[in-house]
2 protein chains.
Amino acid sequence: MQYSEKQVQIMEAAESLFAEKGFNGTSVRDIAEKANVNLAMISYYFGSKEKLLEALFNYRGEMTKLKLESIVQSPGRTALEKVYLLVDNYINKIISQQCFHRILTREQVLNNTGPISGLILEMKKTNLEIISRLIEEGQKNGEFRSGIDIPMMTTTMVGTASNLVTSKQYYKELSNLQALSEDEFQQYIQEALSKHLKLLFKILLTHEA
Amino acid sequence: MQYSEKQVQIMEAAESLFAEKGFNGTSVRDIAEKANVNLAMISYYFGSKEKLLEALFNYRGEMTKLKLESIVQSPGRTALEKVYLLVDNYINKIISQQCFHRILTREQVLNNTGPISGLILEMKKTNLEIISRLIEEGQKNGEFRSGIDIPMMTTTMVGTASNLVTSKQYYKELSNLQALSEDEFQQYIQEALSKHLKLLFKILLTHEA
DNA sequence: GTTTAAATCAAACATTTGTTTAGTTTTGCG
DNA sequence: CGCAAAACTAAACAAATGTTTGATTTAAAC
C-alpha cells in the first residue's frame, strides 16, 4: 500500500510519541497536535488508533524486505564475511530506526494475538531463514563447525543489539560515557556493538567445542 | 518495607495484568477485580496506580539482592565456574519471574525519569559491578584473556535471555516446538539458554583473539 | 462555471479513566 | 464493654479517552 504525504506525517508523529510514551500512553490528540493535523483526520485516514499502529508496522516493515537477500547472495565472499555484513546491516537498521524499534520491542513483549503479532512473526521468520541459509552454506564448505544452535545465535544478535539500543540511557551511565555527546555516543555503541558481535560470531561459528 | 498480605495480593494481581496488557493498558478496576479487593483499596494502600508499580519494583527488587554476592565469593571454584553459576542464576531468576521481567523490559524502553528509572539503574549497576569483579579476578589469575568488553558482555547475557523469555511465543513457533507442552518448552529454553550462554562466555573469555 | 467527491474542521458523544469522599464495618486494646 | 484507629465499601467526581457527526472548504472533472 502507498501512503499519502499526510498519512506519513501522521505515522511519523505517532512513531516518535509511541516510542517515547508507549502506545497506550499516547492519546490521539497528542498525535494530531504533533503532526499538525485535525484530530478527526486520524480516524478518517486510518480508521482507529490501533489501525494506525498497524499501518506503522506495515510502513516500516516494507522498508526492510530486500536488503538481506542481496547480502546472502553476494558472490565472492566467504560465509563469515557475509555474516559480518549481516551483523552490520542489522545494527544499522535498528540504530537508524530506534523509535520504531522501541515500539516493536514493547509490542512483542505483550501477548498480542492481533495482526501486529502476525507481522512481528513474519519479520522474525524472514530473519531466521536468511541467517539459517547463510550458516548452512558456511557449514557445507567447512568454514563453520557443525552443531550450531541457529535460533539461539540469532536471539543473541537480536537480543544484544536490541537491549543495548532500547536501554542505551542506562548503558551510557554504566559505562561512564556521560561526557560524550549524543552523536558521539551513538557512534560509539555502533562500533562497540559491531566489534563485539563479530567477535562473538566468529569464535562461536569457527571454534571447535 | 514490609508488605501486608493484602498488599502482596494486589501487587501480584497487578503484576500479572501489567505483564499481559501493559501498565497503561490495565485499569485499576481490572486490578481490583483480579485481586478480589475493593477499587478504593489500591489508592488506600499505595496512593496511586503509579506508586503501585513502584511498590512492585521494590518488592521484586528486594528478592534479588544478596544471591549474587554469595556466588562471587564462594571459595574453591574457578572464575569460569563462577561465571557459569552466575549465568544459571540469572536465567533462573528471569524465568521464574517472567511477569515481572516483561514489565521491567517494557519500562526500561521508555525514557522514564521517575523513581522507577532509578531503580532499574540500580539493579543494572549491581549486576555489572559483580560481573566486573568476577571477570577481573579471572584475568588476574590468568584464566581469562585481557581486553574484554565487560558492559557489552553483560548486555549479551541480559539481552539474549531477556529477548528469548519475553518473546518466547515467537521462538516456539520459529523453532518448530509447538508440540511441546508449556512446561516442557520452559525446560527446553532454560537448558538451551544455559548451554548457549556458557559456551559463548567460555570462548569469549578464554579465546585468544 | 457547475458539480461531485475528497479533505478538513469544530464540536459533541458516550465510555473509561484514576482518584476521592463520606460513611460503615472490623479490629485491637485498655 | 467502650472506643479509637484501621480496614473496607459503594457512590460520586472530574478529567481524559477514542470515535463520530454534520457542516464547511478545497480540488478536480466535466
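These numbers come from the heavy atoms of this one structure, side chains and all, not from hydrogens, waters or symmetry mates. Labels below follow one simple rule: chain letters A, B, ... track the order of the sequence lines, proteins then strands, and each chain is numbered from 1.
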Which residue pairs pass the side-chain hydrogen bond (donor to acceptor under 3.5 Å, both in side chains) test when at least one of the two sits in residues 78-97 of chain B, sequence neighbours left out?
->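 Residue pairs passing side-chain hydrogen bond (donor to acceptor under 3.5 Å, both in side chains), neighbours aside: B/Lys67-B/Asn89, B/Lys82-B/Glu137, B/Asp88-B/Ser194, B/Asp88-B/Lys198, B/Asn92-B/Gln190.
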
With sequence neighbours excluded, give me every side-chain hydrogen bond (donor to acceptor under 3.5 Å, both in side chains) pair touching residues 35-44 of chain A.
->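 For residues 35-44 of chain A: none.
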
Counting any heavy atom closer than 4.0 Å, what does B/Ser4 reach on the DNA or RNA strands: base, sugar-phosphate only, or nothing?
->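 No contact.
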
Is it true that [X] and [Y] make a salt bridge, defined as a side-chain N closer than 4.0 Å to a carboxylate O?
| X | Y | answer |
| --- | --- | --- |
| A/Lys34 | A/Glu20 | no |
| B/Lys172 | B/Glu182 | yes |
| A/Lys21 | A/Asp30 | yes |

With sequence neighbours excluded, tell me which residues meet salt bridge (charged side-chain N to carboxylate O under 4.0 Å, His left out) with B/Lys51.
->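 Once residues adjacent in sequence are excluded, B/Lys51 has no partner under the salt bridge (charged side-chain N to carboxylate O under 4.0 Å, His left out) criterion.
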
Would you check if the side chain of A/Gln9 reaches a backbone N or O of A/Ala35 as a donor-acceptor pair within less than 3.5 Å?
->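 Checked: pair present.
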
Those residues of residues 28-45 of chain B lying under 4.0 Å from DNA chain D by at least one heavy atom |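 By residue number: B/Arg29, B/Asn38, B/Ala40, B/Met41, B/Tyr44, B/Tyr45.
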
Which residues in residues 13-25 of chain B have at least one heavy atom lying under 4.0 Å from any atom of DNA chain D?
->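 Within residues 13-25 of chain B, no residue comes under 4.0 Å of DNA chain D.
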
With a distance cut-off below 6.0 Å to the six-membered ring centre and an angular limit of 45° from the axis, does A/Lys49 pair with A/Phe18 as a cation-pi contact?
->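 No, A/Lys49 and A/Phe18 do not form such a contact.
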
Check step by step if ring pair (Phe, Tyr, Trp, His ring centres under 6.0 Å) holds for A/Phe100 and A/Tyr59.
-> CA-CA 10 Å; A/Phe100 179 68; A/Tyr59 177 60; 9.1 Å; no

Using rotation axes that map the C1' atoms of four end pairs onto the next four (five pairs an end), what angle separates the end axes of the helix from C/dG1-D/dC30 to C/dG30-D/dC1, to 10°?
->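 Result, rounded to 10 degrees: 10°.
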
Of all the choices, C/dT19, D/dT19, C/dT8, which nucleotide is nearest to the side chain of B/Ser48 once you look at every atom?
->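 Nearest to the side chain of B/Ser48 among the choices is C/dT19.
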
To the nearest Å, give me how far apart CG (A/Leu52) and C1' (D/dT17) are.
->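 These atoms are roughly 15 Å apart.
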
Would you mind reading off the distance between A/Phe46 atom CZ and C/dT8 atom C1', rounded to a whole angstrom?
->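 Rounded to whole Å, this separation is 15 Å.
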
Can B/Thr156 and A/Thr160 be counted as having a side-chain donor-acceptor contact under 3.5 angstrom?
->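 Side-chain D/A pair, B/Thr156 to A/Thr160: present.
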
For B/Lys6 and D/dC8, is the shortest distance between a side-chain N/O and OP1 or OP2 below 4.0 Å?
->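 Yes.
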
So does B/Glu5 have more than 12 non-hydrogen atoms from other groups sitting under 6.0 Å from CD?
->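 No, because the 6.0 Å sphere around CD of B/Glu5 holds 12 heavy atoms or fewer from other groups.
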
